[in-house]
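All remarks here apply to the structure that follows.
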Amino acid sequence: MGETPDAVRSRRRDRCGMTTTAHTSVAAGLRSRGFVGRIVEPADPGYDTARMGWNGAIDRHPAAVAYATDSDDVAAAIRAARADDLPFTVRAGAHSVSGRSVRDGALCIDLRALRGIDVDADAAVVRVGGGALLGELDAATQEHGLAVPAGQISHTGVGGLTLGGGIGWLMRRHGLTIDSLRAVDVVLADGRLVRASADEHSDLFWALRGGGGDFGVVTRFTFEARRVGPIVLAGVLVYPWERAREALRASRELMERAPEELTMFDVLLTAPPAEPFPPELQGCKVAVLGVAWCGDHAEGERILAPLRAACPPALDLVGPMPYVALQSMLDDTAPHGWGYYDRMHYLLEVSDDLVDALVDGFENVPEPEAHVVTGWLGGAVDAVAPGATAFGHRGARAFTWIIGSSGERPVEPVQEWVRRMWDDTSRFASGGVYVNALDSDRTVRDAYADEIWERLVAVKRRYDPDGVFSGNGIG
Ligand SMILES: Cc1cc2nc3c(=O)[nH]c(=O)nc-3n(C[C@H](O)[C@H](O)[C@H](O)COP(=O)(O)OP(=O)(O)OC[C@H]3O[C@@H](n4cnc5c(N)ncnc54)[C@H](O)[C@@H]3O)c2cc1C
């Protein structure tokens, strides 16, 4: 047996006396502060793998990637970076589309080793490491018939998704991810570990629920879990392109009166040349209505019946399925390493004109991997008062997320298309943007209304007065 991380840390600290020195490498600076995790520097084997995130179009060269093993390691990394005047970023699932978790010349503090998940089934409470992925969270909670509302692609990080808000299949019934968050353990800019909740550091807790990750490193999230599954009524209804407008309007008719158990995402995409799409739809543009019903299945079938009758799909794949299958159903649309660029709008309504603009704009999509997702908000999302968390967009009816993917080809043509499509649909937008969908052309200031922004800045001044956390750009 080798030494425990604590023993190594304390021996290193004793040896180094925690003094600030000029270091010949980033690794030396980290070790001198007691960092025990793996460190990958540019000359090391594996550096190219370590530096790349999910978006293959982001090609950055951090000074080093430091894999923290626990909160002490996170604190050691922050102190080392500050002592050596080295900027740093924090990375969990590496899904930031604009690449905010890796920066040229900065230290990347990677949290993937902090992925322990502890489910207290009796109390319906889940403690999740700051570097866990959504699929890991779903697998652990579903063993007990529980779930935490989260996002739609299983390899997204719980960290970034939660700190921005958390939109997904359960949201109209159980709210955003942050609405199930009860506490966080956070390493602050000075290296202190604190707990934030409704009762402790409540201003910090407010900011971390929707304000992004610029206030500290969350090493552990504590969520209230909900009873979900293991089988849910869900799946997709697929329509040929000539019926895309009809399908989107039919979805709107349903969602205008739908119970909160129903969440829907309307997607315009090019059907891949594979099952489950029939040969006549493969390679063609289609409209897909993604459905998740979170309640009694017979009642769900009854609610969906008018949609199926008024607008019969070419392919009906809605039926009982395991919740974990729903949560990874779309994974193949977003593999690691492709080029991506995205933009989104919140919407006060889904008008006929918007539907026309989306369908017309999608006619010109340059790449078969690109798609447009219009998701319906409301229900439990609106049950929380607008200012109660830093997520500033309660009350929006829906959002439309224009996701440019270029496969393994250059991203620029699809980037141009996303920008054009976004401009052409701007007149329908209600303002602001989801901080988790911030593209590289805009700043975090664009994400929030004045009132939320001013509160975020005040919390930032209190907990990170020197602005050392700058992944999203607050401070
Ligand atoms: C394929 C794909 C699907 C998506 N689907 C959804 C969806 O269904 N619903 C939804 O709401 N969003 C979705 N998103 C957006 C997603 O929520 C954001 O990209 C989010 O930032 C990803 O978090 P991450 O931990 O994977 O990313 P990272 O790139 O690791 O981090 C993103 C930001 O969060 C910060 N951060 C991450 N973890 C921590 C932590 N523990 N403490 C402090 N700061 C931290 C980072 O510093 C960085 O600034 C999706 C994104 C992608 C790429």
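Whatever order the structure lists ligands and atoms in, that order sets their numbers, starting from 1. As the structure is a computational prediction, the values presented were derived from the model and not from experiment. Side-chain atoms are counted along with the backbone in the values below, which use heavy atoms only and exclude waters and symmetry mates.
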Which ligand 1 atoms are under 4.0 Å away from a heavy-atom of Ile153? 1 (C), 3 (C)
Counting each atom of ligand 1 from 1 as listed, which ones have a heavy atom of Gly151 under 4.0 Å away? 7 (C), 8 (O), 9 (N)
Kindly check if the number of other-residue, nucleotide or ligand heavy atoms within 6.0 Å of CD (Gln282) is above 12? yes
I'd like to know if the side chain of Arg100 pairs up with that of Ser440 as donor and acceptor (distance under 3.5 Å, no hydrogens or angles considered). no
What do you reckon, does Val217 have a nitrogen or oxygen under 3.5 Å from a nitrogen or oxygen of ligand 1? no
Distance alone, cut at 3.5 Å: any donor-acceptor contact between the side chains of Arg38 and Thr69? no
Side-chain touch Arg127/Ile117, heavy atoms, less than 4.5 angstrom: no
For Ser96, the ligand 1 atoms with a heavy-atom partner under 4.0 Å come out as 19 (O), 27 (O), 28 (P), 29 (O), 32 (C)
With no hydrogens and no angle check, just 3.5 Å: does a side-chain donor-acceptor pair link Ser96 and Ser101? no
Polar contacts were defined as any N/O atom of the residue lying under 3.5 Å from an N/O atom of the ligand; does this apply to Gly160 and ligand 1? yes
Check: Gln152 N/O within less than 3.5 Å of ligand 1 N/O: yes
Relative to the heavy atoms of Val218, which atoms of ligand 1 are at a distance of less than 4.0 Å? 40 (C), 41 (N), 42 (N), 43 (C)
Any N or O of Val158 that comes nearer than 3.5 Å to an N or O of ligand 1? no
Per-atom contacts of ligand 1 with Ala334, taking only distances under 4.0 Å to non-hydrogen atoms: 1 (C)
Does one side chain, of Ser197 or Arg182, offer a donor that lies under 3.5 Å from an acceptor on the other? no
What part of Thr219, side chain, backbone, both or neither, has a heavy atom within less than 4.0 angstrom of ligand 1? neither
Does an N or O from Thr156, backbone or side chain, lie closer than 3.5 Å to an N or O of ligand 1? no
Tell me whether ligand 1 is touched by Tyr434 - counting only heavy atoms on the residue side and a distance under 4.0 Å. yes
Pairs in or reaching into residues 370-392: which pass salt bridge (charged side-chain N to carboxylate O under 4.0 Å, His left out), with residues at least two apart or in two chains? none
Any nitrogen or oxygen of Leu111, side chain or backbone, less than 3.5 Å from one on ligand 1? no
What I want to know is whether Val90 and ligand 1 share at least one N or O pair that is separated by under 3.5 angstrom. yes
So, Arg209 and Asp179, do they make that salt bridge, N to O below 4.0 Å? no
In chain order, what residues pass the side chain to side chain contact (heavy atoms under 4.5 Å, CB included) check against Ala234, with sequence neighbours excluded? Val232, Ala292, Met321, Leu326
Which ligand 1 atoms does Ser101 reach within 4.0 Å, using its non-hydrogen atoms? 28 (P), 29 (O), 30 (O)
Strictly under 6.0 Å, is that where the ring centroids of Tyr463 and His201 end up? yes
N or O pair under 3.5 Å between Gly93 and ligand 1: yes
Is ligand 1 under 4.0 Å from a heavy atom in the side chain of Asn436, in the backbone, in both, or in neither? both
Non-hydrogen atoms of Leu163 versus ligand 1: any pair closer than 4.0 Å? yes
If I apply the N/O under 3.5 Å rule, does Trp401 come out as touching ligand 1? no
Non-hydrogen atom of Ala94 closer than 4.0 Å to ligand 1: yes
Would you say Gly53 contacts ligand 1, with heavy atoms under 4.0 Å as the rule? no
Those atoms of ligand 1 less than 4.0 Å from some heavy atom in Gly159: 37 (C), 38 (N)
Does ligand 1 come near enough to Arg91 that some N or O of the ligand is less than 3.5 Å from an N or O of the residue? no
Between the side chains of Asp439 and Ser98, is a donor N or O closer than 3.5 angstrom to an acceptor N or O? no
May I ask you to identify, for Trp54, whether its side chain, its backbone, both or neither come under 4.0 Å of ligand 1 on a heavy-atom basis? side chain
Check if Ala150 has a non-hydrogen atom at a distance under 4.0 Å from any atom of ligand 1. no
Work out which heavy atom in Arg103 is nearest to a heavy atom in Ser470; give both atom names and the distance. NH2-OG, 3.1 Å
Under 3.5 Å, is there a donor on one side chain and an acceptor on the other for Ser251 and Asp266? yes
Which atom names give the shortest non-hydrogen contact between Pro42 and Pro62, and what distance separates them? CG-O, 4.1 Å
Are any of the side-chain heavy atoms of Val74 and Leu111 separated by less than 4.5 Å? yes
